[in-house]
Visitor: 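Could you have a look at this structure, given as structure tokens, before my questions?
In this text, all values refer to a predicted model and were calculated from it rather than measured experimentally.
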Amino acid sequence: MASVLLYHVVGDLTVGKPELVEFSETETVEAAIRAIGESTECGIPVWKRMPHVGMIEKNEMRQQRFVGILTSLDIVSFLAKTQCWEDQDKAMKTQVSDVVVPNKALLKIVDPATRLIDALEMMKQGVRRLLVPKSKVWKGMSKRFSILYNGRWLKNNENASSSNLIANANRPSSSSTSTYMRDKFCCLSREDIIRFLIGCLGALAPLPLSSISSLGAINLDYSSIEASLPALEATQKHPGDPSAVAVVEITPDGHLKILGEISASKLWKCDYLAAAWALANFSAGQFVMGVEDNVSSRLLPDFSVNSPLQDNITANGGGSPRLRKFSSRSIGFNPVSLSFGVGRSMYRGRSAPLTCKAWSSLAAVMAQMLSHRATHVWVTEDDNDDVLVGVVGYSDILLAVTKQPAALIPSTRSITELASEIQS
């Protein structure tokens, strides 16, 4: 076990983190779209309102107020429903309590002095957010060179006497102070954890140089949909973690050829109404690769999308929503040809899925995910860039970094080879 996981605490990762602003379940879908655009991991925690403003709230009470995490895929799937298109304004004013999938296990309140290794274990069990109180006990100082005394983290001080250590150890920790009045919290995501770990690659050796295959980090249990099927069927797959569905073609030899993905990552900052219309009307292949703006009316009928995020009411209150023609670019994808099969010509652009190889190093995959702000990377065959093997998500990386060194296969790759792989 790497010492960096044992001697660091989650409080180290909260330095500089903004204070949590709770997003209530009574907020509208329109407000959620704006909030998700500023979030991490393409989703926001949703909360029930406090019964009384300014009341003293225990951690257990706050945990019970947590509802679940609302993602961009949840919203687009909701807006793609027939009843939403019949009344778009009503759909955008819908409370998020009708959209979010309740799951209290996705968030856990932890003490700032919780060891990093313990936090990783929680996230390996399915926790996606850690709520850390910025209490008066925790000074928000880095504990990198701290010492552990009787289960509590203390500042490493050459002048600290044994009597001071005992006095500090007997002082109640923030976890023993169960109530907080107007206490400030910050939220840590798995992306924050991975970003911290990539700054400690040397301390994690030999893990960073090891391939994701040797670490067992490739998840073979992923969701997929054929390109010829309606894109809306992807929402029926109920992808868990990562929140992504691979769009594939089946080759003559039975392999799955990945064309793209329908995921919270790809829909993170898109035009939600345009994406919802495309999800409801296009095939999965057409959706992920985009459509030509000048395609024939048989394939893409003329229609207009009312955007609720624009000014749609005139000064006298008698105006109507401004109409704009649908464009595949408004979904966030670049146009390509609609003809599937061998020899097709396409310009993939942003619709191209993020991929790696089974022999890719753990460090390279981590850097790839962080640089693209992605929650996962698809794994393809060594000799074929499009044949899908599996996927690597945040939980898979957390499992890999906590592997025992004895279980690893020694790697002969050099630091120079690793550096060139990350740069490529």
Visitor: Got a sec, which residues hit side-chain contact (heavy atoms from CB on, under 4.5 Å) with V100, two or more places apart in sequence or on another chain?
Guide: V46, V67, L70

Visitor: Look at atom NZ of K17 and say whether more than 12 heavy atoms of other residues, nucleotides or ligands are closer to it than 6.0 Å.
Guide: yes

Visitor: Could you name each residue pair satisfying salt bridge (charged side-chain N to carboxylate O under 4.0 Å, His left out) that touches residues 353-380, not counting sequence neighbours?
Guide: E191-R373, K357-D385

Visitor: So, for Y222 and H376, is the gap between ring centers shorter than 6.0 Å?
Guide: no

Visitor: Between the side chain of W268 and the main-chain N/O of I36, is any donor-acceptor distance below 3.5 Å?
Guide: yes

Visitor: Any sub-3.5 Å donor-acceptor pair from K184's side-chain atoms to P18's backbone N or O?
Guide: no

Visitor: Tell me whether T402 contacts the main-chain N or O of L399 through its side chain, where contact means a donor paired with an acceptor under 3.5 Å.
Guide: yes

Visitor: Name all pairs fulfilling the ring-ring contact (aromatic ring centres under 6.0 Å, His included) condition that reach into residues 10-44, sequence neighbours left out, sorted by first residue then second.
Guide: none

Visitor: Would you say T114 and D111 are linked by a side-chain donor-acceptor pair, where the criterion is simply a distance under 3.5 Å?
Guide: no

Visitor: With distance as the sole criterion, is a donor-acceptor pair present between the side chains of T71 and D74 under 3.5 Å?
Guide: yes

Visitor: Is a side-chain donor or acceptor of Q368 paired with a backbone partner of T355 at a separation under 3.5 angstrom?
Guide: yes

Visitor: Cation-pi check for F66 against R129: NZ or CZ below 6.0 Å from the six-membered ring centre and within 45 degrees of the axis, yes or no?
Guide: no

Visitor: Check the pair R34 / E38 against salt bridge (charged side-chain N to carboxylate O under 4.0 Å, His left out), numbers first and verdict last.
Guide: CA-CA 7 Å; R34 289 191 292 266; E38 302 171 356; over 6 Å; no

Visitor: Would you say the side-chain atoms of S263 and S265 include a donor-acceptor pair closer than 3.5 Å?
Guide: no

Visitor: Is the backbone of S224 close enough, under 3.5 Å, to the side chain of K237 for a donor and an acceptor to pair up by distance?
Guide: yes

Visitor: State whether the side chain of Q286 and the backbone N or O of S283 hold a donor-acceptor pair below 3.5 Å, judged by distance alone.
Guide: yes

